[in-house]
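Just below is one structure, and these are the notes that go with it.
Since we're looking at a predicted model, the values are computed, not measured.
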Amino acid sequence: MKYLLEISFLGTAYFGFQVQKGKDLPTVQGTVQDAVNAVFGRRYPVTGCSRTDRGVHAKQFFVTVDPGVDRITIPTEKIPTAMNAALPDDIAVKSAVTVPDSFHPRYTEMEKEYIYVFDNGGTRSPFDAGRAYYVPRPIREDLMDEAARKIEGKHDFTSFMAAGSKIVDAVRTVKSCRVRREGDRVILTVSADGFLYNMVRIIAGTLLAVSDGRISPDEVTDIINARDRSRAGSTLPPDGLYLNRVTYF
């Protein structure tokens, strides 16, 4: 039996989710393991549903805690309160349930949804520092949304994968890709059966280039078909990127 914890976190202070071997760097995984050690009395393995990069945030994220054959006396429903007392303010456990040993948070079939947030106010907001990407010029969210819809479907997304990535199969199915404005914020929402390294940040950079007039909405299909990273837009900073939703099937 394992415990499946739903957590959320601000990634600003962390070098991504995963512990980096040989490096003494703060990570979300390491911090959660510290809390597990404090609550359970042992540093049980913690496995995440995704490998978020440095500075990326998560509104919904899942980890498993595997106590092996040990008998845990803490009631499952009490685990979130106990864990939150041992965690820093930028990480929170929202719920805990038990799952079979066969459950793997990353390889069990799922759909993930990311959002990328642009701060498009007249002046930069200090409250969005590290939490949104500030763009001082006007953003054409209508053009971005038109282009975003062309990303939907099953495609080879090599053009939207970080150069030098070792992934061989770049085919993914994007179920929805939309852009909307909420006041001074422009929000890109992308859901798919899987994502490549830096894929959402490259999509965001490409759509911003569409807004700026450097790429036309109709060119997006050609960029996808080219399977050439140099054809797409820049990789935007992680500040505005959030893992928004994870759904298991």
Side-chain angles (χ1 to χ4, degrees), residues 48-53 56-62 104-118 120 132-133 135 139-182 185-238 240-249:
C49 67
S50 184
R51 298 178 179 179
T52 57
D53 293 338
V56 175
H57 317 295
K59 294 189 174 185
Q60 185 179 53
F61 193 97
F62 288 94
H104 194 290
R106 193 162 69 249
Y107 300 133
T108 299
E109 187 177 6
M110 73 172 89
E111 176 183 319
K112 291 190 286 188
E113 178 181 270
Y114 281 90
I115 62 173
Y116 195 93
V117 180
F118 298 88
N120 196 218
Y133 179 56
V135 179
I139 289 180
R140 288 286 307 275
E141 68 274 5
D142 56 332
L143 292 180
M144 292 176 71
D145 186 62
E146 180 184 346
R149 292 168 188 262
K150 299 180 184 299
I151 293 171
E152 295 174 344
K154 186 175 182 179
H155 307 288
D156 183 321
F157 283 101
T158 298
S159 294
F160 295 90
M161 179 174 64
S165 177
K166 297 179 181 179
I167 296 295
V168 176
D169 182 7
V171 175
R172 299 291 186 273
T173 300
V174 172
K175 299 184 178 182
S176 179
C177 188
R178 301 292 165 82
V179 178
R180 70 185 189 277
R181 177 178 287 275
E182 293 183 358
R185 290 191 163 200
V186 174
I187 302 171
L188 162 67
T189 304
V190 189
S191 63
D193 60 358
F195 290 88
L196 304 167
Y197 186 51
N198 284 349
M199 181 172 166
V200 179
R201 291 164 60 187
I202 296 170
I203 289 174
T206 302
L207 297 182
L208 186 60
V210 170
S211 172
D212 291 340
R214 291 180 282 118
I215 295 174
S216 73
D218 289 337
E219 284 182 77
V220 172
T221 299
D222 293 335
I223 291 171
I224 294 172
N225 292 336
R227 302 176 187 176
D228 180 355
R229 172 66 188 93
S230 67
R231 292 285 302 276
S234 61
T235 304
L236 295 189
L241 183 60
Y242 297 75
L243 178 53
N244 192 51
R245 179 177 54 83
V246 179
T247 303
Y248 289 105
F249 302 108

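- Rounded to the nearest 0.5 angstrom, I203 CD1 and I223 CD1 are separated by 11.0 Å.
- Put simply, NZ on K112 and CG on L243 are 6.5 Å apart, with the number rounded to the nearest 0.5 Å.
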So Y242 and V117, side-chain contact (heavy atoms from CB on, under 4.5 Å) or not? Walk me through it. CA-CA 8 Å; Y242 297 75; V117 180; 3.9 Å; yes
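- Within a 6.0 Å sphere centred on CZ of R178, heavy atoms belonging to other residues, nucleotides or ligands number more than 12.
- Side-chain atoms of H155 do not come within 3.5 Å of backbone N or O of F157 as any donor-acceptor pair.
- Side-chain atoms of R51 do not come within 3.5 Å of backbone N or O of G48 as any donor-acceptor pair.
- By the 4.5 Å heavy-atom criterion applied to side chains, V190 and M199 are not counted as neighbours.
- The shortest non-hydrogen separation linking M110 to P105 is CE-O, 2.8 Å.
- Smallest separation of non-hydrogen atoms from F61 and S50: CZ-O, 3.3 Å.
- Atom CD of E182 is separated from atom CG of N120 by 13.0 Å, given to the nearest 0.5 angstrom.
- Once rounded to the nearest 0.5 Å, the distance linking CD1 of I224 with CZ of F160 reads 5.0 Å.
- With rounding to the nearest 0.5 angstrom, the CD1 atom of I187 is 13.0 Å from the OH atom of Y116.
- Not one N or O on the side chain of E111 forms a donor-acceptor pair closer than 3.5 Å with the backbone of T247.
- Side chain of S159 to backbone of D228: a donor-acceptor contact under 3.5 angstrom is found.
- Side-chain contact annotation: R180 with T189, donor-acceptor N/O pair under 3.5 Å present.
- The shortest heavy-atom contact between M144 and F118 is CE-CE1, 3.9 Å.
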Worked verdict on V210 versus E146 for side-chain contact (heavy atoms from CB on, under 4.5 Å): CA-CA 9 Å; V210 170; E146 180 184 346; over 6 Å; no
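- Taking all atoms of both residues into account, the shortest heavy-atom contact from L241 to V56 is O-CG1, 3.6 Å.
- Between K150 and D218, at least one side-chain nitrogen of the basic residue sits less than 4.0 Å from a carboxylate oxygen of the acidic one, meeting the salt-bridge criterion.
- Looking only at distances, no side-chain donor or acceptor of E113 sits under 3.5 Å from a matching main-chain atom of N244.
- With sequence neighbours left out, N198 forms a side-chain contact (heavy atoms from CB on, under 4.5 Å) with D53, A162, R201, I202, T235.
- Scanning all heavy atoms of the two residues, the minimum distance from V179 to A148 falls at CG2-CB, 4.1 Å.
- Taking each heavy atom of A192 and V174 in turn, the nearest pair found is CB-CA, 3.9 Å.
- With rounding to the nearest 0.5 Å, the separation of OH in Y114 from OG1 in T52 is 7.0 Å.
- For the pair D193/R172, a side-chain contact is recorded, criterion being any heavy-atom separation below 4.5 Å from C-beta on.
- Of the possible polar contacts, none joining the T173 side chain to the K154 backbone as a donor-acceptor pair under 3.5 Å is found.
- With contacts defined as side-chain heavy-atom distances shorter than 4.5 Å, the pair S211/E141 does not qualify.
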